Every structure is written in C-alpha cells, then in structure tokens.
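None of these values were measured; they are calculated from a predicted model.
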Amino acid sequence: MTHPEHLRDGDADKLRRLRERDPELDRLTGHVRKFAALMTTRHGDRLEEWITEAEKDTLAPLASFARNLRRDLDAVRNGLSLPYSSGAVEGNINRLKMLKRQMFGRAGLDLLRKRVLLAR
C-alpha cells in the first residue's frame, strides 16, 4: 500500500521480483498505480479511460470493481476531481456512534441527547 518511491530497497526488490514472476500481478499493479495516481492528483476526467482498461483486462475482481465504479460514475468522478471532503461529517458520525455504544443498555434517548450536546 506504500507509494513505490517510498519503499525500502529490499521491499522494492521483492516487489520487482514478484512482478517479474507473475504477469497477472504485474498487470494488477499497473492498474492499481494508475488508479492511485487518479486519486492523488485529482484527475477524475481520466476515470472513464481507466475503467475501460480495467474492464478489458482478464482480472475478474478488477473488472468487477471497475463495473461497480461505472454504476455511479458521476459521483466517483466528482469525488476524484473536486476538493470537497466528507471527513468532518464522518468524524461526527463516528463520535455519535461511540457515545451511543458507551451508553447501550444504560440510558435512554434523553441522556444521549444531553451527552451529544454537551460533548462539544
């Protein structure tokens, strides 16, 4: 999961040898690296091209992933292109779930409401 440039020399060598031995793994690595570049450089405009390449390949799990991306193409493209993030919302949802789990079986909705409001 590490960027190829950040791998230690030994790990980079192992990955190179694995890719030389297994052509499917080599192709998969290429597709994953291209998709990672789309995500990190915000090039959602290239998503359609990546999906088409992945669907043409014989790697069934990758083709399935690409087909599922196509099902909601506009949302995925926008997620890869726009600078907006739902991180703050997700953080609040996780905080609420944690509070709810802590209180499970101990108190009702009134106490949960108070804890949510006072936890700020």
Rounded to the nearest 0.5 Å, what separation is found between the CG atom of Leu99 and the CG atom of Asn94?
-> 11.0 Å
Could I get the full list of side-chain contact (heavy atoms from CB on, under 4.5 Å) partners for Arg113, not counting sequence neighbours?
-> Leu109, Asp110, Leu117
Non-neighbouring partners of Lys114 that pass side-chain hydrogen bond (donor to acceptor under 3.5 Å, both in side chains), sequence neighbours left out | none
Which is it for Lys34 and Arg46 under the side-chain contact (heavy atoms from CB on, under 4.5 Å) test, yes or no, and what are the steps along the way?
-> CA-CA 10 Å; Lys34 286 179 185 176; Arg46 299 179 189 166; over 6 Å; no
Taking His3 for the side chain and Glu5 for the main chain, is one N or O donor matched with an acceptor at less than 3.5 Å?
-> yes
How would you list all residue pairs meeting salt bridge (Lys or Arg N to Asp or Glu O under 4.0 Å) that involve residues 85-94, not counting sequence neighbours?
-> none
Using side-chain contact (heavy atoms from CB on, under 4.5 Å) as the criterion, list what pairs up with Thr29, not counting sequence neighbours.
-> Arg19, Leu25, Arg33
Pairwise salt bridge (Lys or Arg N to Asp or Glu O under 4.0 Å) hits with a residue in residues 96-105, at least two apart | none
So which pairs with a foot in residues 55-69 pass salt bridge (Lys or Arg N to Asp or Glu O under 4.0 Å), sequence neighbours left out?
-> Arg27-Asp57, Glu55-Arg70
Extract all donor-acceptor atom pairs below 3.5 Å that involve side chains of residues 7-17 and protein atoms in other chains or at least two apart in sequence.
unit_1, atom_1, unit_2, atom_2, d
Arg8, NE, Asp11, OD2, 3.3
Arg8, NH2, Asp11, OD2, 3.1
Asp13, OD1, Arg16, NE, 3.4
Asp13, OD1, Arg16, NH2, 2.4
Asp13, OD2, Arg17, NH1, 2.6
Arg16, NH1, Glu20, OE1, 3.4
Arg16, NH1, Glu20, OE2, 2.8

What residues join Ile93 in its hydrophobic cluster, counting side-chain heavy atom gaps under 4.5 Å, either direct or through other members?
-> Val89
The remaining residues in the hydrophobic cluster of Ile51, counting side-chain heavy-atom contacts under 4.5 Å among Ile, Leu, Val, Met, Phe, Trp and Tyr, are Leu28, Val32, Phe35, Leu38, Met39, Leu47, Trp50, Leu59, Leu62, Phe65, Leu69, Leu73, Val76, Leu80
Only counting residues at least two apart or in another chain, list the ones meeting side-chain hydrogen bond (donor to acceptor under 3.5 Å, both in side chains) with Asn68.
-> Arg71
Members sharing Leu82's hydrophobic cluster, built from side-chain contacts under 4.5 Å between Ile, Leu, Val, Met, Phe, Trp and Tyr, are Tyr84
In terms of heavy-atom contacts, Ala54 and Ala66 come closest through CB-CB, 3.8 Å
What pairs with Gln102 under side-chain hydrogen bond (donor to acceptor under 3.5 Å, both in side chains), at least two apart in sequence or on another chain?
-> Arg115
Do the side chain of Ser81 and the main chain of Arg77 share a donor and acceptor less than 3.5 angstrom apart?
-> yes
